[in-house]
Amino acid sequence: MGAAVGAIVVALMVVLWPTPQPAPIIPPDVQRTVDSLTLTHAHDAVTIDSLRTVVHAHLAHAATAHTAAARAHHAATAPGHLADSLAALAARASSADSAAVAWHTAYLARTAEADSLAVAYAHLDTAYHLQALALNAVRAALAVDSAHTAAMASVNAQLSAALHHVAGCTVLLGIPCPSRRQAFVAGGLVGAAMTFAALR
């Protein structure tokens, strides 16, 4: 009887003796990448929101510049028509004095037209510059988002590969499967216990 009890105790010690812990499912380098992405996600979101604000501001200012350009271009229409009319009148003038007055007035009208058009083109140049800045901000935001997305895709692929090669084993209620040694010794323990009971 004492030998049986001793065998059972030894078997229990073998079963309960902690087995070496398996290597972590998530590789350390992947875990570091995940931690880094977690830390940088908030920063990336703030960066993208900031760039979005910049884009909206540039586009709003560009729209204002376009409106100013259209207004200046419209202001150039009347002096341009007047200059055309005065030039035609000067060509038909009956005297040199009348022609000189018409040509001088036409020159002033053409100058006013040119000044208005110069203002319009300056506003258009400003609008195009602002639109280019908005486009650069959009590209920068897309670069940040694309880099984060690519990093996440890479991590997901590595995690999928790790989980595929190291599949965890559990029984009911998430209890880990016993090792082969524990299962073998436990089977022997049960058999010894049954034999001991029968002998009583």
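Just the heavy atoms: all of them, side chains too, but no hydrogens, waters or symmetry mates, feed the values below.
Taking a 4.5 Å side-chain heavy-atom cut-off between Ile, Leu, Val, Met, Phe, Trp and Tyr, the cluster of V138 extends to V55, L59, L142. Taking Ile, Leu, Val, Met, Phe, Trp and Tyr as members and joining any whose side-chain heavy atoms lie under 4.5 Å apart, directly or through other members, V119 forms no hydrophobic cluster with any other residue. In this structure, V144 shares a hydrophobic cluster with I48, the cluster being traced through Ile, Leu, Val, Met, Phe, Trp and Tyr side chains under 4.5 angstrom apart.
Every salt bridge (Lys or Arg N to Asp or Glu O under 4.0 Å) that D84 has, sequence neighbours left out, goes to R110. Residues passing the side chain to side chain donor-acceptor pair (under 3.5 Å) test with S98 are S95, sequence neighbours excluded. Residues satisfying the side-chain contact (heavy atoms from CB on, under 4.5 Å) test with N136, not counting sequence neighbours, are R139. For the salt bridge (Lys or Arg N to Asp or Glu O under 4.0 Å) test, residues two or more places apart in sequence or in another chain that qualify with D49 are R52. Among residues two or more places apart in sequence or in another chain, the side-chain contact (heavy atoms from CB on, under 4.5 Å) test is passed with Y121 by L117, L124. Listed by chain and residue number, nothing satisfies the side-chain contact (heavy atoms from CB on, under 4.5 Å) test with S94 (two or more places apart in sequence, or in another chain). Under the side-chain contact (heavy atoms from CB on, under 4.5 Å) criterion, H41 pairs with H148, not counting sequence neighbours.
Here the closest non-hydrogen pair linking Q131 and A62 is CG-CB, 3.8 Å. Heavy-atom minimum distance, A141 versus L51: N-CD1, 3.4 Å. Nearest heavy-atom pair, A90 versus A102, reported as atom, atom and distance to 0.1 Å: CB-CB, 3.5 Å. Annotation for A112 and P79: closest pair CB-CB, 4.0 Å, computed over non-hydrogen atoms.
Within the structure, the ring pair (Phe, Tyr, Trp, His ring centres under 6.0 Å) test picks out no pair touching residues 89-108 (sequence neighbours left out). Among pairs with a residue in residues 46-91, those fulfilling ring pair (Phe, Tyr, Trp, His ring centres under 6.0 Å) read H66-Y128, at least two apart in sequence or across chains.
Summarising the geometry, atom OG1 belonging to T64 is positioned 9.0 Å from atom CG belonging to L130; distances are rounded to the nearest 0.5 Å. In this structure, T105 OG1 and L82 CG are separated by 8.0 Å, a value rounded to the nearest 0.5 Å.
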